[in-house]
Amino acid sequence: MSDEHWYAERRARWQPDRVCLLLVAESAPDDDGDLANRRFFYDQTLTSKDGLFHEVVRALYGASPLASGPNAKTLWLARLKAAPVAGERIVVLPRTRL
């Protein structure tokens, strides 16, 4: 799966059709080509390195701390989509790979 497809697949699943609040960040963090290190607002795996996601959920829902792990973002992504809140990057791929 290409990098662009990986990001597009997750964005399509969780991004709301209509957006009331758009959060914009610079670019996805560099993963050095390793999927295990890949971080993205719409990826369901949550780690301590997902600072933007942690802070958005804390600011909007008062939830802190969040449990890390596979699918740990699922509930929160569904709530953000229903709100509708979207997180978007100015640059789709990590800027080091452009």
Rounded to the nearest 0.5 Å, the NE2 atom of His5 sits from the CZ atom of Arg10 at a distance of 9.0 Å
Contact check, side chains of Asn71 and Thr45, non-hydrogen atoms, under 4.5 Å = no
Q. With side chains defined as the heavy atoms from C-beta onward, is the minimum distance between Leu52 and Leu23 less than 4.5 Å?
A. no
*Begin with the C-alpha distance, continue with both residues' side-chain angles, and end with the deciding distance and a verdict on side-chain contact (heavy atoms from CB on, under 4.5 Å) for Asp43 and Phe53.*
CA-CA 10 Å; Asp43 187 38; Phe53 193 87; over 6 Å; no
Begin from the C-alpha positions of Leu80 and Leu21 and carry the test side-chain contact (heavy atoms from CB on, under 4.5 Å) through to its verdict. CA-CA 10 Å; Leu80 291 168; Leu21 175 61; over 6 Å; no
How would you list, by chain and number, every residue that makes a side-chain hydrogen bond (donor to acceptor under 3.5 Å, both in side chains) with [X], sequence neighbours excluded?
X     : answer
Ser68 : none
Asp17 : none
Trp76 : none
Arg79 : none

query: Between Phe40 and Trp6, how do the two ring planes meet: parallel, tilted or perpendicular, split at 30° and 60°?
result: tilted
So the ring pair (Phe, Tyr, Trp, His ring centres under 6.0 Å) pairs with at least one residue in residues 11-30 (sequence neighbours excluded) are none
Under 3.5 Å, is there a donor-acceptor pair between the side chain of [X] and the main chain of [Y]?
X     : Y     : value
Arg38 : Asp34 : no
Asp50 : Thr47 : yes
Lys49 : Arg39 : no
His54 : Ser64 : no

All heavy atoms of Lys81 vs all of Arg13, minimum pair found to be NZ-O, 2.9 Å
Correct closest heavy-atom pair for Cys20 and Arg18 would be SG-NH1, 3.2 Å
Leu66/Tyr61 under side-chain contact (heavy atoms from CB on, under 4.5 Å): CA gap, chis, key distance, verdict
CA-CA 11 Å; Leu66 302 180; Tyr61 301 109; over 6 Å; no
Residues at least two apart in sequence or cross-chain that pass side chain to side chain contact (heavy atoms under 4.5 Å, CB included) with Ala86, listed by chain then number, are Gln15, Pro16, Val19, Leu22, Tyr42
